[in-house]
2 protein chains.
Amino acid sequence: MPPNRSKPNNLVQTIERVALIFDILGMAPNGISVGELSEKTGFPKGTSHRLLSSLAYFDYVRQDPVTKNYQLGFKLVELGNRLLGHLDFRAVARPFLIHLAERTKETVHMVILDRNEALYIDKVDSSEHRSGLRMVSMLGSRLPAHCSAVGKVLLAHLSDAAFDEVISHKGLAERTRNTITEVERLRAHLKKVFAQGYALDNEENEIGIRCVAAPIRNERGAVIAAISISVPALRSEKSKLETTLKDRVVETALNISRKLGYPQ
Amino acid sequence: MPPNRSKPNNLVQTIERVALIFDILGMAPNGISVGELSEKTGFPKGTSHRLLSSLAYFDYVRQDPVTKNYQLGFKLVELGNRLLGHLDFRAVARPFLIHLAERTKETVHMVILDRNEALYIDKVDSSEHRSGLRMVSMLGSRLPAHCSAVGKVLLAHLSDAAFDEVISHKGLAERTRNTITEVERLRAHLKKVFAQGYALDNEENEIGIRCVAAPIRNERGAVIAAISISVPALRSEKSKLETTLKDRVVETALNISRKLGYPQ
DNA sequence: GACAATATTTCGTAATGCGAAATGCTATTT
DNA sequence: AAATAGCATTTCGCATTACGAAATATTGTC
């Protein structure tokens, strides 16, 4: 899925090819051979090999010495985590998220808006169901903004122009029967979210999962992220979500915001 | 620091330049401008811009809309975590590591040998001192093998040829006064590590920190990773490290190995 | 030890990316 | 409001760079 940026007029071919290679390797847990890569990309084998071995030199990919297959390299882990480390609000928030997860015994997420989608930048499972597995595969993954509680919180604090851009690029895909798919209805809904300071997700993204989310603000009051609690629909009478859990998410979000310098 | 691979005869220039850009952006928490990048790299401004905007199109870097600075992009987080997700033994191990951290109230690491160094692939702080901050910046980072408990465990199970390769490429840098810096002494020490099934780090990498580590084995008995407990030297009489903590690390490592199919 | 299926290297060619210079944009100053 | 300065961004003719078909090396198999 090509991102929604304007395509640069002078897109460098090698970068385009490397991006394609990374995407393909990202879907191949055990790596792929030079031949397979050429098959999938249409590059001649020599070309595939030249690109892979150049990438391997810098540890962006690595070659299994026995199968000769190429897979993603650990330089990507280093860079990805360096980027996350640069998001200082994330470090500030983390202890609060852990506390929230332990107090509610539910899963907590932290999300930012990036390229018109909700992007997971942290996740804490309650100690009960900490698996770790999911967390890892989740960081850096994306969710439509219009059908998640976190996404709606972020949308609600956007300028009209920015909101329109999200809609025009991403639309309002129907993920479940509860998804809000009409722009005007969404606009009205977000007005309410803005006013009340939190958003609910009533199985709008995935049947069986409900969430409550609240905004994180920086020292200037700008909304820079959102946090949420996710609850299996079975375990959640809708009322509890809208009372206890809602209060705790809102409270935690405010505490994080204050720590970030948000006055009041 | 260029890796120790043989330089491919046909290194693609664009990939070389992109690697340099990523390294520079990785050290710039708030990103840098086109001009600054050109200054640091020597590329003409037009070239820097073309590379950055091509990378931005695929989300490998992103541009701050207000400062116009470029920083690392979230595609790197996605790929890095995808790679970690592919290491299935990591997912298997995680619950054990959490349990170990909570039981001992100390920090637990998981490490593999990659490119002749010990590479962090997981970290669990005990709930007491969970900060999260360090964890993030640590994943994907590296440590010399010869002066860490985890590294020595991994070295101890290498073939002679593989061991020699590590030494010849990385040497035995003296990190503290306790670091083992003579090959023959290290060789003898590793023989002991191999025999006893665990390794100690007696402030060999960093004054003030001691560790115990044990190997993780796969279904064929091959050592594929190592786990460790790290303890501030203040808090650790050396005896406790060599008794209780050692036993728990060894036990946990064996349990993980069994879960991975290691017979016995 | 020959064969087959790979990965890897070679090398002449032209397409691709290069980069100096022109242009466009934004913020600041007077 | 106009001028200026300091950027980012785009343009375009040129030569370097990467291309890729084919040759070769390597690895595993019968």
Side-chain angles (χ1 to χ4, degrees), chain A residues 3 5-22 24-25 28 30-73 159 161-162 220, chain B residues 3-22 24-25 28 30-58 60-73 159 161-162 220:
Chain A
R5 295 214 144 206
S6 62
K7 194 160 185 163
N9 34 6
N10 280 337
L11 195 54
V12 177
Q13 188 189 53
T14 300
I15 291 178
E16 196 171 12
R17 291 178 162 191
V18 166
L20 178 57
I21 290 175
F22 280 160
I24 290 172
L25 293 183
N30 299 308
I32 62 174
S33 66
V34 173
E36 283 170 304
L37 182 65
S38 284
E39 214 168 279
K40 284 178 200 275
T41 58
F43 307 156
K45 276 202 251 182
T47 300
S48 295
H49 181 265
R50 180 159 19 82
L51 292 170
L52 286 171
S53 62
S54 294
L55 288 169
Y57 179 64
F58 297 103
D59 202 17
Y60 287 99
V61 306
R62 73 210 137 97
Q63 187 177 33
D64 185 313
V66 31
T67 66
K68 299 282 178 188
N69 276 7
Y70 288 87
Q71 0 185 3
L72 295 177
S159 69
R220 292 187 304 280
Chain B
N4 52 39
R5 296 214 145 206
S6 61
K7 194 161 185 163
N9 34 6
N10 280 338
L11 194 54
V12 177
Q13 188 189 53
T14 300
I15 290 178
E16 196 171 13
R17 290 177 163 192
V18 166
L20 179 57
I21 290 175
F22 280 160
I24 290 172
L25 292 184
N30 299 308
I32 62 174
S33 66
V34 173
E36 284 170 303
L37 182 65
S38 284
E39 215 168 277
K40 284 177 200 275
T41 58
F43 307 157
K45 277 204 256 180
T47 299
S48 295
H49 181 266
R50 181 158 19 83
L51 292 170
L52 285 172
S53 61
S54 294
L55 288 169
Y57 179 63
F58 297 103
Y60 287 99
V61 306
R62 73 209 136 101
Q63 187 176 32
D64 185 313
V66 29
T67 67
K68 300 279 177 189
N69 276 6
Y70 288 87
Q71 351 185 10
L72 295 178
S159 70
R220 292 187 303 280

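Numbers restart at 1 for each chain; the letters A, B, ... are given by sequence-line order, proteins then strands.
Side-chain proximity of B:Arg17 to the nucleotides D:dT9, C:dC18, C:dT8 is greatest for C:dC18. Of the candidate nucleotides C:dT8, D:dT9, D:dA18, D:dT9 has the atom nearest to the side chain of B:Gln63. For B:Thr47, the listed nucleotide lying nearest its side chain is C:dC18; candidates were C:dT8, C:dA7, C:dC18. Picking from D:dA8, C:dT8, C:dC18 the nucleotide with the shortest atom distance to the side chain of B:Ser33 gives D:dA8. In the set D:dG20, C:dA20, C:dG17, the nucleotide with an atom closest to the side chain of A:Pro44 is D:dG20. For B:Thr14, whose side chain is taken as the heavy atoms from C-beta onward, the closest listed nucleotide among D:dG20, C:dC18, D:dT9 is C:dC18.
Relative to the ring axis of A:Tyr70, A:Arg62 does not place its NZ or CZ within 45° and under 6.0 Å from the centre.
Atom CG of B:Leu51 is separated from atom C1' of C:dG19 by 12 Å (rounded to the nearest Å). Between B:Leu52 atom CG and C:dG19 atom P the separation is 14 Å, expressed in whole Å. Summarising the geometry, the separation between NZ on A:Lys68 and C1' on D:dT27 is reported as 8 Å, rounded to the nearest angstrom. What separates CZ of A:Phe43 from P of D:dA18 is a distance of 15 Å, to the nearest Å. Rounded to whole Å, atom P of D:dT10 lies 5 Å from atom NE2 of B:His49. Rounding to whole angstrom units, CD of residue A:Gln13 and P of C:dG17 are separated by 5 Å. With rounding to whole Å, B:Glu39 atom CD is found 13 Å from D:dG6 atom C1'. Atom-to-atom, NZ of A:Lys45 to P of C:dT6 comes out at 7 Å; the value is rounded to the nearest Å.
Side-chain contact between A:Tyr60 and B:Phe22: present, with at least one pair of heavy atoms (C-beta onward) separated by less than 4.5 Å. You'll find the side chain of B:Pro44 reaches within 4.5 Å of the side chain of B:Thr47, heavy atoms only.
B:Gly46 comes within contact range of at least one nucleobase, with a heavy-atom separation under 4.0 Å.
An OP1 or OP2 oxygen of D:dC7 is reached within less than 4.0 angstrom by no side-chain nitrogen or oxygen of B:Tyr70.
No side-chain donor-acceptor contact under 3.5 Å links B:Ser54 to the backbone of A:Ile15.
Note: B:Leu52 CG to B:Ile32 CD1 = 7.5 Å, rounded to the nearest 0.5 Å.
In this model, a side-chain donor or acceptor of A:Arg50 finds a partner on the base of D:dG20 within 3.5 Å.
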